[in-house]
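Convention: sequence-line order gives letters A, B, ...; per-chain numbering from 1.
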Amino acid sequence: MDTSAQSGTNFIRNQIEEDLRAGKREEVITRFPPEPNGYLHIGHAKSICLNFGLAQEFNGRCHLRFDDTNPVKEEDEYVNAIREDVGWLGFDWGEHQYFASDYFEQLYAWAVELIGKGLAYVDSQTPEQIREGRGTLTTPGTESPFRNRAVEENLALFTAMKNGEFPDGAHVLRAKIDMAASNMNLRDPVMYRILHAAHHRTGDSWCIYPMYDFAHGQSDSIEGVTHSICTLEFEDHRPLYDWFIRSLEIHNPQQIEFARLNLSYTVMSKRKLLQLVQEEHVRGWDDPRMPTISGMRRRGYPPQAIRRFCERIGVGKSDSWIDLSTLEDCVREELNETAPRRLAVLDPLKVVITNLPEQRIDTRAANHPQRPEMGTRTMSLTPEIVIDRSDFLEDPPRKFFRLAPGKEVRLRHACIIRCDEVIKDDSGEVVELRCSCDPETFGANPADGRKVKGTIQWVSTEFGQQVPVRLFDRLFVEPTPERAEDFRQCLNPESLQEVRAWVEPELGQARPGTVYQFERIGYFTPDTKDSSLDAPVFQRTVTLRDTWAKQQGK
RNA sequence: UGGGGCGUCGCCAAGUGGUAAGGCACCGGAUUUUGAUUCCGGCAUUCGCAGGUUCGAUCCCUGCCGCCCCAGCCA
């Protein structure tokens with residue numbers, strides 16, 4: 001793994017260093033704790049890189065622990081997908097894979113212990129009554145009439161809850177803290193609820209399940225976690241986290257909170273992502289337009305690019321909205337180094353070279369301009385080729401370095417051609433160009449010293465192949481769909497376009513796993529799901545920077 | 001108007017008493033058989049605002065202002 005990354009510093013790293021220096025901790029154990037109720041997205045990647053990265057950096061370890069305390073939402077499909085994604089990102093949890101459900105027995109015993117200490121009680125109010133009793137942000141709550149039940153009665157009731165003697169919602173176990181606390185989390189939070197639901201791992205063994213607050217900290221404690229890193233919204237829970245640890249007198253991990261990632265032009269909440277999938281706005285969790293790890297993998301984003309992105313955006317506590325261009329830049333940076341180059345024509349315009357000396361002229365083309373070790377391939381120029389429609393303009397603006405009537409341009413890896421004649425159909429559309437070539441310019445500049453600034457890609461219609469290519473655009477037209485009244489109203493109707501492109505012959509056998517650069521266009525890779533052995537379906541990973549287009553847009 | 005956080009360049013983000021790193025974006029220019037890449041150069045006399053302490057403050061104090069989170073038997 002590349003640890004060479006530009007390691008900027010951040011407040012969490014600083015604090016860990018301080019804890020180690022001061023002797024408060026002797027090792028660093030972190031954990032990535034996803035709830036298996038959805039697929040991982042780029043926001044999770046930030047947390048994964050942070051937790052695993054810190055553990056690596058301090059020679060500690062990072063656990064993968066599934067926070068599966070709510071059986072109605074969690075599924076094995078999700079735990080498998082999560083394991084695959086974390087591994088693909090390049091992180092290894094070794095033997096340290098855990099489930100909060102592994103600790104149900106221990107958690108139950110601890111609940112009993114707290115009841116014994118008079119720190120927990122069974123509340124028999126209805127959910128509505130409990131809500132009303134909690135008070136509001138500005139008014140204190142009121143104590144439940146069941147708050148002062150005897151320890152023995154609490155024990156008997158809690159045992160009966162566990163034994164399935166009550167229906168869902170009949171009773172709840174609550175921590176006895178302070179109904180007037182200004183921090184709502186301390187107003188006698190619920191520890192256990194009755195849920196007659198099958199759990200993905202424990203099946204029907206339990207019909208009471210611990211709440212997040214009564215499971216997370218203790219799970220960290222059991223595993224010896226030293227630094228429990230989570231997102232900002234849990235900051236208010238820290239006093240409760242500490243209260244349980246203190247009341248139980250067990251190992252005390254330290255919770256540290258950081259700001260979650262927000263990315264422009266996409267949504268990150270699991271609920272919204274689930275909705276996109278269920279309402280079929282996308283073709284599944286791994287749709288290449290999704291901000292999920294699996295979607296990015298399918299789209300061709302290399303894991304190194306995602307790790308670099310997480311390193312680059314830093315870690316802080318202020319709400320941040322990262323621009324999509326930052327992510328795309330990381331993807332380009334990686335792919336520019338590794339992607340073999342090929343020529344492809346997405347929007348073909350037929351060109352006939354009228355004076356080609358032979359029916360076929362072979363040239364050697366480097367697979368990467370800066371990396372000769374990536375080898376070369378042969379390209380065959382024939383009298384009939386296609387070029388991209390956007391590389392020809394009948395009436396070009398100043399500084400248009402491509403083809404136009406009477407103008408010259410270089411065919412990449414081949415020779416210079418001049419446009420002699422423009423052929424149109426009845427409707428006036430240009431359907432063919434007749435060009436003459438300068439045979440002296442194969443692998444050489446014009447002997448007379450004339451300058452031909454433009455170079456364009458081409459494909460021989462005799463040897464090339466036609467393949468489907470999907471062009472993705474951002475899923476949303478609004479920079480912050482997350483804030484919209486209805487984020488679905490912001491969906492980009494043109495986020496997926498499919499064209500039929502001409503590509504170099506060997507691309508017809510391309511397999512998923514390799515990302516190519518189609519020169520002057522972008523990076524493309526065969527889709528893992530829709531490609532077959534000899535029929536790849538290409539998709540655009542990301543475009544190349546295009547300063548010409550940018551200038552034109554102004 | 002309870003509590004908890006946050007406010008340094010368009011977007012992120014270091015720095016936390018000694019006179020503002022870096023990245024993305026943007027703007028110039030060089031090289032280029034990808035208008036790609038690469039390379040050079042530019043880009044905050046200023047750190048939410050107002051006072052105060054100090055020889056000196058983004059860093060300390062006071063007061064404002066703005067934004068985010070919390071009233072699930074979700075995590």
Looking for any heavy atom pair under 4.0 Å, which part of the strands does [X] touch: base, sugar-phosphate only, or nothing?
X	value
A:E132	nothing
A:Y209	nothing
A:I322	sugar-phosphate
A:T441	base
A:E257	nothing
A:V315	sugar-phosphate
A:F258	nothing

Give the nucleotide from the list [options] with an atom nearest to the side chain of [X].
X	options	value
A:N183	B:G3, B:A71, B:U34	B:G3
A:K73	B:A75, B:G23, B:C74	B:C74
A:D329	B:U34, B:C24, B:G5	B:C24
A:P127	B:G35, B:G2, B:C73	B:C73
A:N10	B:A36, B:C70, B:A14	B:A14
A:M211	B:A36, B:A75, B:A13	B:A75
A:W321	B:C12, B:C70, B:C73	B:C12
A:W548	B:G35, B:C26, B:C12	B:G35
A:R134	B:A75, B:G72, B:G35	B:G72
A:F401	B:A75, B:C12, B:G35	B:G35

Whether A:Y212 stacks on the six-membered ring of B:A75 base, 5.5 Å and 30° limits:
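Ring-base stacking flag not set for A:Y212 and B:A75.
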
State which residues pass salt bridge (Lys or Arg N to Asp or Glu O under 4.0 Å) with A:R21; sequence neighbours excluded, sorted by chain then number.
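By the salt bridge (Lys or Arg N to Asp or Glu O under 4.0 Å) rule, A:R21 matches A:E18.
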
Test item: side-chain donor near acceptor, [X] and [Y], under 3.5 Å:
X	Y	answer
A:T292	A:H41	no
A:H200	A:D68	yes
A:Q255	A:S228	no

Let me know the distance between [atom1] of [X] and [atom2] of [N], rounded to the nearest Å.
X	N	atom1	atom2	answer
A:I177	B:A71	CD1	C1'	16 Å
A:D391	B:U34	CG	C1'	11 Å
A:R402	B:G35	CZ	C1'	6 Å
A:L327	B:C24	CG	P	14 Å
A:Q255	B:C69	CD	C1'	14 Å
A:M179	B:G3	CE	P	18 Å
A:R410	B:U34	CZ	P	9 Å
A:L232	B:C6	CG	C1'	8 Å

State the syn/anti category of B:G72 according to its glycosidic angle, syn meaning within 90° of 0.
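Syn for B:G72; the angle stays within 90° of 0.
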
If you measure from the [atom1] atom in [N] to the same atom in [M], how many Å do you get, rounded?
N	M	atom1	answer
B:U38	B:C24	P	9 Å
B:U16	B:C60	C1'	10 Å
B:A14	B:C39	P	25 Å

May I ask you to evaluate whether [X] reaches the phosphate of [N], defined as a side-chain N or O under 4.0 Å from OP1 or OP2?
X	N	result
A:S264	B:C11	no
A:T455	B:U32	no
A:S318	B:A13	yes
A:N185	B:A71	no
A:R13	B:A13	no

Donor-acceptor contact present, side-chain A:T136 to main-chain A:T138, <3.5 Å:
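Yes, A:T136 side chain to A:T138 backbone: donor-acceptor pair under 3.5 Å.
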
Does B:A25 have a Watson-Crick or wobble mate here (both distances under 3.5 Å), and if so which one?
none

Searching all strands shown, indicate the nucleotide that pairs with B:G7 (Watson-Crick or G-U wobble; both distances under 3.5 Å).
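Pairing partner: B:C65.
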
Nearest heavy atoms of A:R307 and A:C49, plus distance in Å
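Scanning both residues completely, I find the closest heavy atoms to be CG-SG, 3.9 Å.
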
Any salt bridge linking A:D76 with A:R201? Criterion: basic side-chain nitrogen under 4.0 Å from a carboxylate oxygen.
no

Would you mind checking if A:E257 and A:R238 are paired as a salt bridge, meaning a charged N to carboxylate O distance below 4.0 Å?
yes

